[in-house]
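Input: a single structure, listed below in structure tokens.
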Amino acid sequence: MTRSKSSERMDFEISVLRLGHRLVRDTRMSTHAALVSRALGAREIIMSGAEEDDTIDSTNRVNARWGGQFKISHIENWREIVKHWDGVIVHLTMYGEQLDQLLPKIRRKLELKSNKLLLIIGAEKVPREIYALSHFNVAIGNQPHSEVAALAIFLDRIYKGKELYSTFENAKIRIIPSSKGKEVVNQNEN
Ligand code: SAM
């Protein structure tokens, strides 16, 4: 994915960790979490919980058509990732502190520590340990809603909206924005 650079550091490498994926029940939400991560600037999503179902295949099918290097994988034990993460850890939870207050602190920590951000989202009940292991517990408002919505808002705010103009390499198809109807270009025909 290529993103235009500004004077501010915007080249964070964001990995999303999706906790507690439950087979069948969560497949659609997990797939949406993967698609939102890809479209809004994360470099990868790691699914933990039940052994993977169709989420990995359907995300890879999107990569093949729409391009980019977005990575999706499954891990048995989330502790392996969280305990050894060499960067900043942000957990999205309605119990956290408000996003607006934390964004400058998160950016500062990324500048000082490393540009690698692990962004944790839950499904149902998140283990208590996660709250302590995370550098920041971030609320996207203190009302319950959805991990997909929380993820989208966080990514958009950390990138200040610039990720919406990203382009993906090796795309087979590309949309020409149109005021009416659908305009899609097959890149192979150019
Ligand atoms: N008890 C959960 C919590 O801690 O936010 C709500 C469960 S919700 C079905 C599943 C996931 O959505 C949560 O683990 C969290 O990552 C995300 N989520 C829901 N509401 C949120 C909010 N207001 N702010 C940030 N994340 C939220």
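- Hydrophobic clustering of Ile, Leu, Val, Met, Phe, Trp and Tyr side chains at less than 4.5 Å, counting indirect connections, unites Ile56 with Val148.
- To the nearest 0.5 Å, atom CD1 of residue Ile89 and atom NZ of residue Lys113 are 8.0 Å apart.
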- Message: side chain to side chain contact (heavy atoms under 4.5 Å, CB included), that's the test. Do Met29 and Ser146 meet it? Break it down for me.
- Response: CA-CA 9 Å; Met29 282 299 261; Ser146 144; 3.7 Å; yes

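- Contact between Thr31 and Ser58 at its shortest, heavy atoms only, is CG2-OG, 3.6 Å.
- Residue Tyr131 places its OH atom among more than 12 non-hydrogen atoms of other residues, nucleotides or ligands, all under 6.0 Å distant.
- Judged by distance alone, with hydrogens and angles left aside, the side-chain atoms of His32 form no donor-acceptor pair with the main-chain N or O of Ala149 at under 3.5 Å.
- Taking the side chain as every heavy atom from C-beta outward, Val126 and Ile120 never approach each other to under 4.5 Å.
- Of the possible polar contacts, one joining the Tyr159 side chain to the Gly41 backbone as a donor-acceptor pair under 3.5 Å is found.
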- Item | side chain to side chain contact (heavy atoms under 4.5 Å, CB included) assessment of Met47 paired with Thr55 | CA-CA 9 Å; Met47 318 293 291; Thr55 309; 4.1 Å; yes

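- A heavy-atom distance below 4.5 Å is found between the side chains of Ile75 and Glu80.
- The CD1 atom of Ile130 sits 11.5 Å away from the CG atom of Leu92 when rounded to the nearest 0.5 Å.
- Without hydrogens or angle criteria, His91 side chain to His135 main chain gives no donor-acceptor distance under 3.5 Å.
- Shown here for Ile72 and Ala34, the closest heavy-atom pair between the two residues is CD1-CB, 4.1 Å.
- Under a hydrophobic-cluster definition in which Ile, Leu, Val, Met, Phe, Trp and Tyr are linked whenever side-chain heavy atoms come within less than 4.5 Å, directly or via other members, Ile46 and Leu133 are assigned to the same cluster.
- With a 6.0 Å cutoff to the six-membered ring centre and a 45° limit on the axis angle, Arg107 does not count as a cation-pi contact of Phe12.
- A donor-acceptor distance shorter than 3.5 angstrom exists from the side chain of Arg18 to the backbone of Gly122, with no hydrogens or angles considered.
- Residues Leu118 and Val90 have side chains not in contact (no heavy-atom distance under 4.5 Å, counting atoms from C-beta outward).
- For the atom pair CH2 of Trp78 and CD of Glu129, the computed distance is 4.0 Å after rounding to the nearest 0.5 Å.
- The minimum heavy-atom distance between Gly20 and Ala123, with the atom names listed, is O-CB, 3.4 Å.
- Nearest heavy atoms, Asn63 versus Phe70: ND2-O, 3.0 Å.
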List, one per line, each side-chain donor-acceptor pair under 3.5 Å for residues 96-103, sequence neighbours excluded.
residue	atom	partner	partner atom	Å
Gln98	NE2	Asn142	OD1	2.8
Asp100	OD1	Arg157	NH2	2.3

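- By the 4.5 Å heavy-atom criterion applied to side chains, Lys109 and Phe136 are counted as neighbours.
- Between the Asn186 side chain and the Ile173 main chain, no donor and acceptor come within less than 3.5 Å of each other.
- To the nearest 0.5 angstrom, Arg28 atom CZ is 12.5 Å from Asp54 atom CG.
- Between the CD1 atom of Ile158 and the CG atom of Leu110 there is a distance of 6.0 Å, given to the nearest 0.5 Å.
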- Start with the C-alpha distance between Met94 and Gln143, add both sets of side-chain angles, then the distance that settles side chain to side chain contact (heavy atoms under 4.5 Å, CB included), and finish with yes or no. CA-CA 6 Å; Met94 65 179 182; Gln143 298 294 320; over 6 Å; no

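- Thr59 places no side-chain N or O within donor-acceptor distance of the main-chain N or O of Leu35, the cut-off being under 3.5 Å.
- Residues Val16 and Leu151 are in side-chain contact: their nearest non-hydrogen atoms beyond the backbone lie under 4.5 Å apart.
- Put simply, the side chain of Thr93 does not reach to within 4.5 Å of the side chain of Ile121, judged on heavy atoms.
- Here Asp156 contributes atom CG and Lys162 contributes atom NZ; the two are 11.0 Å apart, rounded to the nearest 0.5 Å.
- Criterion: ILVMFWY side-chain heavy atoms under 4.5 Å apart, direct or through other members. Under it, Phe168 and Val184 are not part of a common hydrophobic cluster.
- Between Ile140 and His145, some side-chain heavy-atom pair lies under the 4.5 Å cut-off.
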- Task: Before giving the answer on side chain to side chain contact (heavy atoms under 4.5 Å, CB included), spell out for Ile175 and Val185 the whole-Å C-alpha distance, their side-chain angles and the decisive distance to 0.1 Å.
- Result: CA-CA 6 Å; Ile175 290 172; Val185 176; over 6 Å; no

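- A cation-pi arrangement, defined by a distance under 6.0 Å to the six-membered ring centre and an angle within 45 degrees of its axis, is present between Lys116 and Trp85.
- In this structure, Arg38 and Trp66 have side chains that are in contact, with non-hydrogen atoms separated by less than 4.5 Å.
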